[in-house]
Amino acid sequence: MGLSFGSFDSVCSTAALVICPLLGASGQGIEPNCYSRNVQIGSTLIFQPSTCFVHIVAILMTGIMIYHIRSKYTAVGRKEIVMFFWLYMAIELLAMFLDSGIIPTANVSYPWFTAVYTGLIAAAYCCLLINGFVGFQFAEDGTPFSLWFLRLSCLFIFGVSFLIAIATFNSFIGFSPTKTTALFIVYLIWPIFCVTTYTLSQLVLVFRTLDDRWPLGDIIFGIAFYTIAQVLLFAFSVTICNAIQHYLDGLFFFTLCVLLSVMMVYKYWDSITREDLEFSVGSKAAVWEVKDPLLTATVAADFEEDTTSNYHGGTAASLVGGVSGGQYYYGGGAKGGYSQGGYGGAQRGYPPTSDRY
């Protein structure tokens with residue numbers, strides 16, 4: 001059966017997507033031709049156990065990436081890109097419950113959770129799309145305008161996708177499980193459009209703005225992983241499943257490759273951003289510099305150079321008391337010394353006064 005635009009019959013017969021149990025004319029969903037084995041833990045039957053393991057790894061890795069992004073306090077687009085990873089974490093968390101069957105497909109809440117899952121996927125790709133233009137500084141990153149434009153755009157896409165999905169699942173306002181063109185666009189076409197636009201924008205950014213070409217490697221690897229994920233899921237899922245005797249299927253490799261592509265998004269962003277170490281709050285050691293002019297003047301006064309020394313043309317001083325014999329006994333003429341009152345003259349010869357220094 002070939003792929004037909006607007007129809008999930010071919011897609012769902014190949015890949016075990018979370019939306020497939022809610023589509024089709026039979027009312028029982030569209031069952032894939034081959035899917036991975038189930039595991040029973042106690043009295044609970046866990047579907048797609050290997051894929052659930054990848055979901056857990058993805059959640060942990062995303063948490064690590066979010067931590068490192070937040071630690072780059074002054075990096076460009078930090079607040080914008082971290083929203084994409086929060087959305088991806090929410091998607092993986094929800095997918096773990098939907099793929100595993102912890103939320104049963106026969107439960108009345110399953111269509112609503114699946115609609116939320118569909119909306120989050122569309123919103124995450126929208127967030128990635130907008131992040132592709134943050135580097136061009138059409139709006140200064142981190143400002144309320146930039147952040148709220150991103151948030152409202154993602155919220156709008158989430159709302160539209162959620163309404164399309166729930167209307168398709170529950171046959172609302174002209175939608176039905178057999179009329180899936182709008183859901184097909186939201187679920188399959190929209191992600192490809194966003195990834196393509198993001199990739200092209202970053203290629204322009206690298207070639208026209210950056211001197212370093214190493215980030216191209218991150219882009220190439222990210223696109224390669226994403227493309228492999230789509231091919232393995234929609235073209236070779238049944239072949240893989242039969243070859244490995246139902247232990248794994250294409251959904252496992254799809255989830256793994258998408259995780260790797262998301263990690264490449266982080267790696268690329270990290271490679272093109274530089275942190276201002278003066279304002280960093282991470283573990284890097286900061287170099288502090290005295291900026292207070294009053295404090296600088298005080299420190300300079302404490303270590304003022306002796307301009308009356310012999311090296312600066314002054315009277316040669318002895319090693320005892322810092323004054324010469326002539327200064328001590330003759331007082332340097334009229335300035336007073338031993339000959340003009342000894343120790344009580346106009347100016348004491350010893351100990352030397354501070355104005356001699």
Classify the angle between the aromatic ring planes of F149 and F145 as parallel (below 30°), tilted (30 to 60°) or perpendicular (above 60°).
-> parallel
Any link between V231 and V11 through a network of hydrophobic side chains (Ile, Leu, Val, Met, Phe, Trp, Tyr) touching at under 4.5 Å?
-> no
Flag for Y73-R78: side-chain donor and acceptor within less than 3.5 Å = no
In Å, rounded to the nearest 0.5 Å, how long is the span from CD of E92 to CZ of F85?
-> 12.5 Å
Return yes if some donor-acceptor pair links the side-chain N/O of S36 with the main-chain N/O of Y247 below 3.5 Å, else return no.
-> no
Quick one: does F162's side chain get under 4.5 Å of Y117's, heavy atoms only?
-> no
Is there side-chain contact between I157 and V160, with heavy atoms separated by less than 4.5 Å?
-> no
Under 3.5 Å, side chain of H246 to main-chain N/O of Y35, donor-acceptor pair present?
-> yes
Do Y226 and L260 pass the side-chain contact (heavy atoms from CB on, under 4.5 Å) test, and can you show the C-alpha distance, the side-chain angles, and the key distance before you say yes or no?
-> CA-CA 8 Å; Y226 186 79; L260 294 175; over 6 Å; no
Straight-line distance of L251 CG to T14 OG1, nearest 0.5 Å = 12.5 Å
Look at atom CD of Q40 and say whether more than 12 heavy atoms of other residues, nucleotides or ligands are closer to it than 6.0 Å.
-> yes
Keeping the roles fixed (side chain from Q202, backbone from G132), state whether a donor-acceptor pair exists under 3.5 Å.
-> yes
Main-chain N/O of C194 paired to T197 side chain as donor or acceptor, under 3.5 Å = no
Answer yes or no: are there more than 12 heavy-atom neighbours, outside Q137 itself, under 6.0 Å from its atom CD?
-> yes
Consider only side-chain N and O atoms of E140 and S146, and report whether a donor and an acceptor are under 3.5 Å apart.
-> no
Anything under 30° is parallel, anything over 60° is perpendicular, the rest tilted; go ahead and classify H68 against Y266.
-> tilted
Student check: side-chain heavy atoms of N33 and N242 closer than 4.5 Å | no
Look up atom OG1 in T168 and atom CZ in F184, then write down how far apart they are to the nearest 0.5 Å.
-> 13.0 Å
Does any non-hydrogen side-chain atom of F8 lie less than 4.5 Å from one of S13?
-> no
Should T62 and I66 be marked as a side-chain contact (heavy atoms from CB on, under 4.5 Å) after you check the CA-CA gap, both sets of side-chain angles, and the distance that decides it?
-> CA-CA 6 Å; T62 307; I66 290 175; 4.0 Å; yes
Considering only heavy atoms from C-beta outward, does the side chain of I56 approach that of M96 to under 4.5 Å?
-> yes
Judged by atom type as modelled, is there a donor-acceptor pair below 3.5 Å linking the side chain of N107 to the main-chain atoms of I103?
-> no
How about F97 and F113: are their ring centroids closer than 6.0 Å?
-> no
Mind checking whether K267 and F221 have side chains closer than 4.5 Å, heavy atoms only?
-> no
Judged by atom type as modelled, is there a donor-acceptor pair below 3.5 Å linking the side chain of S161 to the main-chain atoms of G119?
-> no
Interatomic distance, CG@D9 vs OG@S4, rounded to 0.5 Å, equals 8.0 Å
Give a yes/no on whether the SG-to-SG distance for C126 versus C154 is below 2.5 Å.
-> no
For the student: nearest non-hydrogen atoms of I164 and A182, plus distance = CG2-CB, 3.7 Å
How far does CG of D212 sit from OG of S271, to the nearest 0.5 angstrom?
-> 7.5 Å
According to a 4.5 Å side-chain heavy-atom criterion applied to Ile, Leu, Val, Met, Phe, Trp and Tyr, with indirect links allowed, do L203 and I272 form part of one hydrophobic cluster?
-> yes
Test side-chain contact (heavy atoms from CB on, under 4.5 Å) applied to I166 and F175, step by step | CA-CA 9 Å; I166 196 63; F175 295 92; over 6 Å; no
Please answer: with hydrophobic residues joined when any side-chain heavy atoms are less than 4.5 Å apart, are F252 and V57 in the same cluster?
-> no
Compute whether any side-chain donor of one residue and acceptor of the other, for Q48 and D249, lie under 3.5 angstrom apart.
-> yes
Min side-chain heavy-atom separation I19-T118 under 4.5 Å | yes
OH/Y67: more than 12 non-hydrogen atoms of other groups inside 6.0 Å = no
Minimum-distance pair of heavy atoms, taken over all atoms of Y88 and L259 | OH-CA, 3.4 Å
For Y198 and V265 the tightest heavy-atom approach is OH-CG1, 4.0 Å
Would I244 end up clustered with F254 when hydrophobic side chains under 4.5 Å apart are linked, directly or stepwise?
-> no
Do any N or O atoms from the side chain of T209 and from the backbone of V206 form a donor-acceptor pair under 3.5 angstrom?
-> no
Using the rule that two of Ile, Leu, Val, Met, Phe, Trp, Tyr join whenever any of their side-chain heavy atoms come within less than 4.5 Å, decide whether L188 and F253 are in one cluster.
-> no
Below 4.0 angstrom, N of the basic side chain to O of the carboxylate: do K72 and D270 qualify?
-> yes
Kindly give the heavy-atom pair with the smallest separation between M264 and F225, and that separation in Å.
-> CG-CD1, 4.1 Å
Answer yes or no: does atom CZ of R213 have more than 12 heavy-atom neighbours from other residues, nucleotides or ligands under 6.0 Å?
-> yes
Go through E80 and I130 one step at a time and tell me if the side-chain contact (heavy atoms from CB on, under 4.5 Å) criterion holds.
-> CA-CA 9 Å; E80 286 82 1; I130 296 176; over 6 Å; no
Heavy-atom side-chain contact between D99 and F47 under 4.5 Å = no
Is a donor on one side and an acceptor on the other found under 3.5 Å between the side chain of N170 and the backbone of F172?
-> no
Taking every non-hydrogen atom, the tightest pair across W190 and A122 = NE1-O, 3.1 Å
Search all heavy atoms of M89 against all heavy atoms of I59 and return the closest pair with its distance.
-> CE-O, 3.6 Å
Please indicate whether F236 has more than 12 foreign heavy atoms, meaning atoms of other residues, nucleotides or ligands, lying under 6.0 Å from its CZ.
-> no
May I ask you to decide if L183's main-chain N or O and T180's side chain share a donor-acceptor pair within less than 3.5 Å?
-> no
CZ-OG1 distance between F169 and T114, expressed to the nearest 0.5 angstrom = 5.5 Å
Are any side-chain N or O atoms of W269 and backbone N or O atoms of V76, one a donor and one an acceptor, separated by less than 3.5 Å?
-> yes
